[in-house]
Engineer: 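One structure, pasted below without further comment.
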Amino acid sequence: MSPNSSNGRLRVLTFLHSFHPGGVERVALRLVRHWRAMGVDAPLFLGRAEGAMHDEFGDIDYVMPRQPRRSQAGWETLWMILTLPAVIRRLRPDVLFVAGSTYTIVAFAMRLLLGRRCPPIIVKVSNDLARRDLNPVGRFFWRAWLRIQARCARGWVVMDESMTPELPPVMAARGHVVHDPAIGATQLVPARAPRLAGPRRFVAIGRMVAQKHFALMLRAFAQAVQPGETLTIFGDGLERAALETLAASLGIADRVTFAGHVADAPAKLVDYDVLLMSSRYEGVPAVVIEALAAGLAVVSTDCGAGLRSLLGQGRFGAIVPQDAALLAAAIRTAPTAAPDREALLTSLRRFTIERSAQDYLALFAEAAAARTTRQPVRLEQEAHA
């Protein structure tokens with residue numbers, strides 16, 4: 001039973017900056033929607049109501065603070081730190097769910113600002129922890145930051161067993177595996193009908209930011225593209241104009257479509273043959289799970305242990321170093337469908353929202369129960385102080 005909710009249900013508060021597109025945000029919104037359908041008291045806090053996913057998730061009501069006169073888009077993390085404590089005090093959630101690694105600084109601030117009034121925090125680790133893309137100095141400071149933030153949470157959730165060895169010891173002591181809930185059980189279907197012969201249709205989905213390294217993808221595609229083949233990129237971001245210029249300079253502007261953000265882009269995957277990913281680092285990328293479920297072949301750069309595990313160390317897709325020539329070679333020889341459908345479906349069953357939503361709730365209930373059993377002891381100790 002929930003110690004705080006008036007109706008006796010477990011109350012789980014999720015917070016996001018906005019409806020701005022992102023893998024972390026999409027999965028979090030789907031989880032909130034699913035938990036509510038299960039009868040869970042799952043409030044959602046948004047820093048602002050802007051973002052291209054607003055229409056897609058418009059059925060989800062949310063709490064939002066009074067907006068400042070000037071947009072907080074450029075300082076949204078500070079805005080969250082300033083406004084979230086009042087909502088936590090008012091809603092008194094049993095658990096605070098941190099939907100991804102980019103929000104851990106907010107969780108750390110909540111522990112500092114609220115102290116004992118801060119509810120138990122469960123953090124989902126959404127990015128690669130090893131960060132081999134960083135130079136040695138950057139990696140040293142990254143690991144130091146991980147050790148600092150490690151003590152702020154009751155539990156640290158990794159999205160695949162392969163990520164567990166990368167957890168710092170303090171995190172590992174509180175670590176759990178809950179697979180990334182990227183797909184629904186209804187998406188686990190037998191192989192789709194064989195495609196008609198013709199040029200391959202490549203697709204990529206992601207924010208156009210440095211992490212995704214779309215420039216590498218375009219350079220590789222320019223080297224590998226065969227007559228009639230196309231690449232469609234769903235997503236938007238600060239680098240879009242520069243990427244469009246790059247595509248023109250590489251002579252592939254007529255082969256590459258920058259489709260921008262579209263509602264539920266993963267649903268469009270069935271119209272393509274091969275998913276391309278060129279990220280510098282990832283956790284367990286939901287788009288790869290969605291592509292495999294849709295029957296696509298996958299070609300990806302080696303961007304983390306989670307990706308390697310997801311692709312069966314190369315069994316379910318091509319994994320190459322961060323190199324344009326090697327990526328081009330993999331694109332050139334990519335098949336038009338993922339192999340061994342039955343084995344693939346067995347692997348993908350880990351990533352259904354029906355399963356993962358339940359696993360999260362078990363963690364939340366345990367954290368809430370542990371807090372209530374400790375509380376009387378703490379008060380008794382204070383009385384004898």
Side-chain angles (χ1 to χ4, degrees), residues 14-17 22-25 27-28 47 72 74-85 88 95-178 180 206-207 209-213 238 278-285 301-309 321-322 363 367 370:
T14 302
F15 60 92
L16 300 172
H17 290 311
V24 165
E25 289 74 16
V27 169
Q72 71 275 32
W75 49 286
E76 59 188 4
T77 297
L78 177 58
W79 174 249
M80 182 76 73
I81 292 171
L82 292 174
T83 56
L84 184 56
I88 293 175
V95 175
L96 191 63
F97 176 52
V98 181
S101 300
T102 54
Y103 293 94
T104 52
I105 189 170
V106 178
F108 182 73
M110 294 305 101
R111 282 299 304 270
L112 291 178
L113 294 172
L114 296 175
R116 292 180 177 179
R117 291 177 295 175
C118 185
I121 296 172
I122 302 294
V123 179
K124 185 184 83 171
V125 179
S126 59
N127 273 330
D128 173 47
L129 290 172
R131 292 300 304 273
R132 294 181 180 86
D133 60 296
L134 299 174
N135 60 39
V137 174
R139 198 175 303 123
F140 171 81
F141 283 106
W142 167 249
R143 301 295 290 183
W145 165 234
L146 289 180
R147 289 192 295 271
I148 291 171
Q149 64 176 291
R151 300 182 184 276
C152 79
R154 165 83 184 176
W156 294 87
V157 174
V158 293
M159 299 181 291
D160 186 81
E161 292 84 354
S162 63
M163 299 176 69
T164 301
E166 298 178 350
L167 288 170
V170 177
M171 286 185 180
R174 307 172 188 175
H176 307 272
V177 176
V178 178
D180 193 23
R207 294 172 294 115
V209 295
Q211 175 192 348
K212 306 302 181 180
H213 209 180
L238 297 176
S278 53
S279 295
R280 291 183 165 94
Y281 59 92
E282 292 284 351
V284 177
T301 51
D302 187 354
C303 50
L307 182 280
R308 293 191 294 273
S309 175
Q322 300 271 342
L363 283 181

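Atom set for the values below is all heavy atoms of this structure, side chains included, hydrogens, waters and symmetry mates excluded.
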Engineer: List for me each residue that meets salt bridge (Lys or Arg N to Asp or Glu O under 4.0 Å) alongside Glu25, sequence neighbours excluded, and say none if there are none.
Structural biologist: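 Salt bridge (Lys or Arg N to Asp or Glu O under 4.0 Å) list for Glu25, sorted by chain: empty.
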Engineer: Nearest 0.5 Å, what's the CG-CG distance between Leu84 and Leu114?
Structural biologist: 8.0 Å
Engineer: Under the rule for ring pair (Phe, Tyr, Trp, His ring centres under 6.0 Å), what residues qualify as partners of Phe15, not counting sequence neighbours?
Structural biologist: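 With sequence neighbours excluded, Phe15 shows a ring pair (Phe, Tyr, Trp, His ring centres under 6.0 Å) to Tyr103, given in chain and number order.
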Engineer: Working to the nearest 0.5 angstrom, can you tell me the gap between Leu96 CG and Met110 CE?
Structural biologist: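 So the CG of Leu96 and the CE of Met110 are separated by 8.0 Å.
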Engineer: Going by side-chain contact (heavy atoms from CB on, under 4.5 Å), name the residues that satisfy it together with Gln72, two or more places apart in sequence or in a different chain.
Structural biologist: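 By the side-chain contact (heavy atoms from CB on, under 4.5 Å) rule, Gln72 matches Arg48, Gln67, Pro68, Trp75, Trp79.
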Engineer: Please report the closest heavy-atom contact between Thr301 and Ser278, naming both atoms and the distance.
Structural biologist: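 Closest approach of Thr301 to Ser278: OG1-C, 3.2 Å.
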Engineer: My understanding is that only residues two or more places apart in sequence, or in another chain, count here; which of them pass ring pair (Phe, Tyr, Trp, His ring centres under 6.0 Å) with Trp145?
Structural biologist: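 Listed in chain order: Phe108.
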Engineer: How would you list, by chain and number, every residue that makes a side-chain hydrogen bond (donor to acceptor under 3.5 Å, both in side chains) with Lys212, sequence neighbours excluded?
Structural biologist: Glu282
Engineer: Taking side-chain hydrogen bond (donor to acceptor under 3.5 Å, both in side chains) as the definition, give me every residue that meets it alongside Arg308, ordered by chain and number, with sequence neighbours left out.
Structural biologist: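 Arg308 satisfies side-chain hydrogen bond (donor to acceptor under 3.5 Å, both in side chains) with Asp302 only.
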Engineer: What residues form a salt bridge (Lys or Arg N to Asp or Glu O under 4.0 Å) with Arg139, not counting sequence neighbours?
Structural biologist: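 Arg139 satisfies salt bridge (Lys or Arg N to Asp or Glu O under 4.0 Å) with no other residue.
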Engineer: With distance as the sole test, does Arg131 use its side chain to make a donor-acceptor pair with the main-chain N or O of Tyr281 at under 3.5 Å?
Structural biologist: no
Engineer: side-chain contact (heavy atoms from CB on, under 4.5 Å), that's the test. Do Val98 and Ile121 meet it? Break it down for me.
Structural biologist: CA-CA 7 Å; Val98 181; Ile121 296 172; 3.6 Å; yes
Engineer: What residues form a side-chain hydrogen bond (donor to acceptor under 3.5 Å, both in side chains) with Ser309, not counting sequence neighbours?
Structural biologist: Asp160
Engineer: Hey, could you give me each pair passing ring pair (Phe, Tyr, Trp, His ring centres under 6.0 Å) that has a residue in residues 155-177? Not counting sequence neighbours.
Structural biologist: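 Matches after skipping sequence neighbours: none remain.
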Engineer: Checking side-chain contact (heavy atoms from CB on, under 4.5 Å) for the pair Lys124/Val178: CA distance, chi angles, key distance, verdict?
Structural biologist: CA-CA 9 Å; Lys124 185 184 83 171; Val178 178; over 6 Å; no
Engineer: Can any side-chain N or O of Gln211 pair as donor or acceptor with the backbone N or O of Ser279 at less than 3.5 Å?
Structural biologist: no
Engineer: To the nearest 0.5 angstrom, please state how far the CD1 atom of Ile105 sits from the OG1 atom of Thr77.
Structural biologist: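 It is 6.5 Å, given to the nearest 0.5 Å.
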Engineer: Return the minimal non-hydrogen interatomic distance between Glu166 and Ala305, and the atom names on each side.
Structural biologist: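 What the structure gives for the nearest pair is OE2-CB, 3.4 Å.
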Engineer: Compare all side-chain heavy atoms of Leu307 with those of Pro285 and state whether any distance is below 4.5 angstrom.
Structural biologist: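 Touching, per the 4.5 Å side-chain cut-off.
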Engineer: Main chain of Gly22, side chain of Arg207: is a donor-acceptor contact present, judged purely on distance under 3.5 Å?
Structural biologist: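 Side chain of Arg207 to backbone of Gly22, a donor-acceptor pair under 3.5 Å: no, none is there.
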Engineer: Can you tell me how far CG of Leu82 sits from CG of Leu113, rounded to the nearest 0.5 angstrom?
Structural biologist: 8.5 Å
Engineer: Nearest 0.5 angstrom please: Asn127 CG to Met163 CE, how far?
Structural biologist: 7.5 Å
Engineer: With sequence neighbours left out, what residues match Pro168 under side-chain contact (heavy atoms from CB on, under 4.5 Å)?
Structural biologist: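 Here the qualifying residues are Arg143, Leu146, Met171.
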Engineer: Taking C-beta and beyond as the side chain, do Ser126 and Thr102 meet within less than 4.5 Å on heavy atoms?
Structural biologist: no
Engineer: Suppose we screen for side-chain hydrogen bond (donor to acceptor under 3.5 Å, both in side chains). Which residues come up paired with Arg280, at least two apart in sequence or across chains?
Structural biologist: His213
Engineer: Measuring from Leu16:CG to Phe97:CZ, what's the distance to the nearest 0.5 Å?
Structural biologist: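 With rounding to 0.5 Å, CG (Leu16) is 9.0 Å from CZ (Phe97).
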Engineer: To check you understand the geometry: which heavy-atom pair defines the closest contact between Pro119 and Ile88, and what is its length?
Structural biologist: CD-CG2, 3.7 Å
Engineer: Say whether, by atom type as modelled, one donor and one acceptor occur between the side chain of Ser101 and the main chain of Val125 under 3.5 angstrom.
Structural biologist: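 Judged by distance alone, no pair lies under 3.5 Å.
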